[in-house]
Number of protein chains: 2
Amino acid sequence: MWLISHLVNYAMPLDPLSATFAALADPTRRAILARLSKGEASVTELAQPFEMSLPAVTKHLKVLERAGLITRSREAQWRPCRLAPKPLKDANAWLEHYREFWEGSFDRLEDYLADLQGQKRPARARKAPTPKKPK
Amino acid sequence: MWLISHLVNYAMPLDPLSATFAALADPTRRAILARLSKGEASVTELAQPFEMSLPAVTKHLKVLERAGLITRSREAQWRPCRLAPKPLKDANAWLEHYREFWEGSFDRLEDYLADLQGQKRPARARKAPTPKKPK
DNA sequence: CGTTTAATTAACCATGTGGTTAATTTCCCA
DNA sequence: TGGGAAATTAACCACATGGTTAATTAAACG
């Protein structure tokens, strides 16, 4: 029954966290954010350090805007962009859950936990001598 | 001369930070990481909570592995996965640069900086054929 | 041996992405 | 009133992604 999975997969907007991470997954867009952290800027200003065309920058800005990472206003024919902090805050909050994993002597926390769990061989290793669900 | 841009654009592996953010930009993969934070697991174990096929999970694991977010070993026919902390640490370090933007009374830091810069109209208004000074 | 279990590979599909050039919109101003 | 600057839209291209089903590899076991 592929109907439902297709309905679910296509045209589904990304959840906010996914949209944020996706927007951050491009060096041009990260550079744009870095520039905006120094103050608002117009599109041509933002495009200036890059070797790409204006439309390409416009597309990057759209991605950033959809992710809520920038807001845009109008000022005559300029569309100044500004950094918006909320998604960065949320992304940081998500990463914080894993802080213990990269910090200090807990770099090997996985080891520790795995050992705690005892042998528990990887997968569903229950011998299941009895007739298992055939499927 | 589109030759060079094509050479640059295509088949270029992502820089590590981009690969990490791209890998995090999917709820399934984030759920897999959350599961792995509780200890190593096999592919079928990881796939169990999801409604997708095994091959789909295998693909997600490949993305995570390429980003260095997981490591894999062999154990008979199982391929246990474990969380690897380094990329999470690096992603967090990148986000830290922006902490001031989402913290406390600095939520409006952009405002502050923009004001500091004075009028400095948005774009490269360096032409300035005549004293514009709008607004 | 053959069967079962674990997992990957292959082939396919629809859509998203990151770039291009060319055309178009929108606004200021002489 | 019309030119020019800022920016977006349109149409296109080459992959990448996230999913599917079917086939295949690899190891354990009876």
Side-chain angles (χ1 to χ4, degrees), chain A residues 1-14 18-19 22-23 25-29 41-47 50-63 65-66 72 74-81 121-129 131-135, chain B residues 1-14 18-19 22-23 25-29 41-48 50-63 65-66 72 74-81 121-135:
Chain A
M1 185 62 43
W2 49 274
L3 259 180
I4 295 206
S5 66
H6 273 229
L7 283 177
V8 168
N9 293 333
Y10 299 142
M12 271 257 297
L14 288 181
S18 297
D26 181 282
T28 301
R29 287 194 291 264
S42 70
V43 178
T44 39
E45 261 179 324
L46 290 173
F50 305 106
E51 287 188 340
M52 66 186 67
S53 63
L54 248 299
V57 173
T58 292
K59 285 192 182 183
H60 282 303
L61 293 177
K62 267 205 194 330
V63 173
E65 193 176 19
R66 262 192 326 196
R72 322 191 60 181
R74 288 191 79 121
E75 184 117 15
Q77 63 256 228
W78 294 276
R79 268 73 152 195
C81 304
R121 267 285 146 265
R124 30 206 24 108
R126 37 34 168 174
K127 294 312 183 71
K132 61 265 324 272
K133 38 186 84 172
K135 167 52 196 197
Chain B
M1 186 64 46
W2 50 274
L3 259 179
I4 296 209
S5 69
H6 273 227
L7 282 176
V8 168
N9 293 332
Y10 300 141
M12 273 256 299
L14 287 182
S18 297
D26 181 283
T28 302
R29 287 195 292 266
S42 70
V43 177
T44 39
E45 259 178 325
L46 290 173
Q48 204 237 318
F50 305 105
E51 287 188 342
M52 65 187 66
S53 63
L54 248 299
V57 173
T58 292
K59 285 192 182 183
H60 282 303
L61 293 177
K62 268 205 195 329
V63 173
E65 193 177 20
R66 262 192 328 195
R72 322 192 59 180
R74 289 193 78 120
E75 184 118 14
Q77 65 257 226
W78 294 276
R79 268 75 149 196
C81 304
R121 268 286 143 265
R124 35 210 59 263
R126 69 313 189 211
K127 265 316 167 61
T130 39
K132 22 196 13 178
K133 215 48 175 177
K135 171 72 161 292

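Side chains are part of it too, since the values below use all heavy atoms of this structure and drop only hydrogens, waters and symmetry mates.
Regarding B:Q48, its CD atom lies at a distance of 16 Å from the C1' atom of C:dA7, rounded to whole Å. Atom C1' of nucleotide C:dT17 and atom CZ of A:R66 are separated by 10 Å, given to the nearest angstrom.
Among D:dG19, D:dA7, D:dA27, the nucleotide with an atom closest to any side-chain atom of B:A76 is D:dA27. Distance from the side chain of A:P55 is smallest to C:dA22 among D:dT17, C:dA22, C:dA7. Counting only heavy atoms from C-beta on, A:S53 has its side chain closest to C:dT20 among D:dT20, C:dT20, C:dA6. Residue A:K59 places its side chain closer to D:dA11 than to any other of D:dA11, D:dA28, D:dG19. With distances taken from any side-chain atom of A:T58 to the nucleotides D:dG18, C:dA7, D:dT8, the minimum falls on D:dT8.
In this structure, A:R74 reaches the C:dC27 phosphate: one of its side-chain N or O atoms is under 4.0 Å from OP1 or OP2. Distances shorter than 4.0 Å separate some side-chain N or O of B:T44 from OP1 or OP2 on C:dA7. The side chain of B:R29 contributes no N or O atom lying less than 4.0 Å from OP1 or OP2 of D:dT17. In this structure, B:S42 does not reach the C:dA6 phosphate: none of its side-chain N or O atoms is under 4.0 Å from OP1 or OP2.
When heavy atoms are screened at a 4.0 angstrom cut-off, B:A56 is found touching base atoms of the nucleic acid.
Sequence order on DNA chain C of the closest nucleotides to A:A22 and A:E51 puts A:A22 first from the 5' end.
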